[in-house]
Number of protein chains: 2
Amino acid sequence: MGYADGKAVALLWGGRGAPRRGPKPTLTLADISAAGIAVADAEGVAAVTMQRVAESLGVTKMALYRYVPGKSELVALMTDAAIGEPPELTGDGWRPRLAEWARRMFAEFWRHPWALETTIGPRVMGPNELSWLDAAIAALDGTGLDGADAMDAAVTIVGHIRMVAQQGVASPADNAEQAMDAAMVELLRGHEADFPALTAALESASRSGKQGRAFEFGLDRILDGIAHLVGTRG
Amino acid sequence: MGYADGKAVALLWGGRGAPRRGPKPTLTLADISAAGIAVADAEGVAAVTMQRVAESLGVTKMALYRYVPGKSELVALMTDAAIGEPPELTGDGWRPRLAEWARRMFAEFWRHPWALETTIGPRVMGPNELSWLDAAIAALDGTGLDGADAMDAAVTIVGHIRMVAQQGVASPADNAEQAMDAAMVELLRGHEADFPALTAALESASRSGKQGRAFEFGLDRILDGIAHLVGTRG
DNA sequence: AAGAACTGTGTCCCTTGGATACAGATTACT
DNA sequence: AGTAATCTGTATCCAAGGGACACAGTTCTT
């Protein structure tokens, strides 16, 4: 693996190129990818096996290997397809645009939580993933930040998006943070003395049903920090 | 799985409780965990199999099941042990303390990159992981931030730490960011028109060998943002 | 002394990713 | 048109990994 896996790059960036002889393929990469995404959305990425995906397409396991060199490439394909293309940003000014970008990206990870697992570690990035990054950098045009600053700012925001998306996974979508707090309180029972600050924080943090608080909180902090930098650079 | 897996909780939080009869166990949970960590550090978490860990301990695979109910619990154990206990923070004031905390935590993830994979998704948190969280919250004592604010601030910082740690994995440790940039430039070759902002940013971002720039950049932004909030709350 | 409880092990089974070989379909070339 | 090249889907086989289960040996309790 690593940043440059030839087969993965070819598949993600070049497709397969229609064959010139032989029978018509019954499937397309898009079909296979969509089938894999459906399985992953429903049962997690661990449930995505060649067998399972093949069944849901009505072919045998080995048929998939005519389209995809191996499972890791299939997962890479699924991941880029699931992330999708970045949206047009409509806000006025860098801050609303970047905020919108962040909320959209968060929504994607929320919809496909398994993508958090498949985008960790060194990997080949697909066109969609790079397009999202490009869109974030573009939103910072005209702020006076240089290329490295813009890249690092985008990376910081993505980190926050991913972190918050993780927390909510596998909780009823409307009270993820409360569920997490409750689980912590449960764990702390009997060990309160060992975690005094955390215990106190959890007691005072009776989050009043405000969904997405953690996300907006961190996003505001980061954007405030970027605004501060933009002010000094300007 | 989920936040409350009884067996995992018992193992992580209660240990095994010495048996009162029968032969002395040859191993301890700490031995097993350490062996697993050694394998994961050297060859990644994918190389951690029951077989492999057992071999490095000089026992058979099935012997491990006397200590650990299954592989997932072993990985949870390894993870909490690898993270270790949080350090004493020596800085003066919340900001230097939180910055030190962040750098220490980053160092742990850097040392055990596989822990990024094993701490994703819903899981049972171990005592060490909660201790780190407790330490971050404690660093924010006296800032006027309430419990929920402090928790969310900590979460935001952890997100950044994890994101940057991810990028550098599997690159020669002294130029991780440059390696990533180079890989992107390679991917963009021939598609520059589709990613104009990103292309421009990469061109201008001749990061002058400054290791860890991305980490310190984002950390500064987030801390600036928190400082801004502390100012308004105070 | 004797039974209870615990440890380490050998054997077996199921699932998964993947290699290989093969039969039928389709197209290009003569 | 006829044939050869090429492509598709499939059946069969293998190795690795997680885990269940039964068994023999060991040590503590009564």
Side-chain angles (χ1 to χ4, degrees), chain A residues 1 5-8 10-11 14-33 35-36 39-40 43-78 114 117-118, chain B residues 1 5-8 10-11 14-33 35-36 39-40 43-78 114 117-118:
Chain A
M1 292 258 224
D5 178 337
K7 284 187 282 192
L11 205 67
R16 297 201 329 139
R20 309 205 62 80
R21 294 196 202 179
K24 306 275 158 108
T26 21
L27 306 173
T28 66
L29 283 181
D31 292 336
I32 298 177
S33 162
V39 173
E43 302 171 45
V45 74
V48 176
T49 68
M50 300 304 271
Q51 183 73 43
R52 192 87 166 60
V53 174
E55 272 172 14
S56 85
L57 287 166
V59 295
T60 51
K61 181 182 63 164
M62 291 315 291
L64 297 184
Y65 286 97
R66 293 282 168 195
Y67 299 84
V68 170
K71 189 188 173 182
S72 64
E73 287 82 4
L74 168 59
V75 171
L77 209 60
M78 286 167 50
W114 50 270
E117 301 171 48
T118 63
Chain B
M1 290 255 224
D5 177 338
K7 284 187 281 193
L11 205 67
R16 297 201 331 137
R20 308 206 61 78
R21 297 195 200 178
K24 306 272 157 108
T26 1
L27 306 172
T28 66
L29 282 181
D31 293 335
I32 298 177
S33 161
V39 173
E43 301 170 48
V45 73
V48 176
T49 68
M50 300 304 272
Q51 183 73 43
R52 192 87 166 60
V53 173
E55 272 171 14
S56 84
L57 287 166
V59 295
T60 51
K61 181 181 66 164
M62 290 316 290
L64 297 184
Y65 285 97
R66 294 284 170 195
Y67 298 84
V68 171
K71 189 187 174 182
S72 63
E73 288 83 3
L74 168 59
V75 172
L77 210 59
M78 287 167 50
W114 51 270
E117 302 171 47
T118 63

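Just the heavy atoms: all of them, side chains too, but no hydrogens, waters or symmetry mates, feed the values below. Numbers restart at 1 for each chain; the letters A, B, ... are given by sequence-line order, proteins then strands.
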Q: For nucleotides 11-18 of chain D, give me one character per nucleotide, 5' to 3': B if any protein heavy atom sits under 4.0 Å from the base, S if the only such contacts are to the sugar-phosphate, - if neither.
A: BB----SB
Q: Round to a whole Å and report the spacing from CG of B:D31 to C1' of C:dT7.
A: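 It works out to 15 Å between those atoms.
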Q: Measuring from A:I32:CD1 to A:R66:CZ, what's the distance to the nearest 0.5 Å?
A: 12.5 Å
Q: In whole Å, what is the span from the CD1 atom of B:I32 to the C1' atom of C:dT7?
A: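 After rounding, the reported distance stands at 12 Å.
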Q: For A:K7 versus A:P69, what's the shortest heavy-atom pair and its separation?
A: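 Scanning both residues completely, I find the closest heavy atoms to be CD-CB, 3.8 Å.
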Q: For B:L57 and C:dT7, give me the distance from atom CG to atom P, rounded to whole Å.
A: 16 Å
Q: Compare all side-chain heavy atoms of A:L11 with those of A:R16 and state whether any distance is below 4.5 angstrom.
A: yes
Q: Could you check whether any side-chain heavy atom of B:E117 comes within less than 4.5 Å of a side-chain heavy atom of A:E117, counting everything from C-beta outward?
A: no
Q: Summarise protein proximity over nucleotides 25-30 of chain C in one line of letters, 5' to 3': B for base, S for sugar-phosphate only, - for none, counting protein heavy atoms closer than 4.0 Å.
A: BBBS--
Q: Quick one: closest heavy-atom pair of B:E73 and B:V68, and the distance?
A: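 So the two residues come closest at CB-CG1, 4.0 Å.
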Q: Using whole Å, report how far CZ of A:R66 lies from P of C:dG17.
A: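 So the two atoms are 18 Å apart, to the nearest Å.
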Q: Using atom OH of B:Y67 as one end and atom P of D:dG19 as the other, report the distance to the nearest whole Å.
A: 18 Å
Q: Might you point out which heavy atoms bring A:W114 and A:V45 nearest each other, and give the distance in Å?
A: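 Minimum heavy-atom contact is CB-CB, 3.8 Å.
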Q: What pair of heavy atoms forms the shortest contact from A:G70 to A:Y65, and how long is it?
A: CA-CE2, 4.0 Å
Q: Does a nitrogen or oxygen in the side chain of B:R16 sit under 4.0 Å from OP1 or OP2 of C:dT7?
A: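 Answer is yes, contact under 4.0 Å.
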Q: Would you give me the side-chain donor-acceptor pairs under 3.5 Å for residues 53-63 of chain B, sequence neighbours excluded?
A:
residue: B:E55; atom: OE2; partner: B:Q51; partner atom: NE2; Å: 3.3
residue: B:S56; atom: OG; partner: B:V53; partner atom: O; Å: 3.1

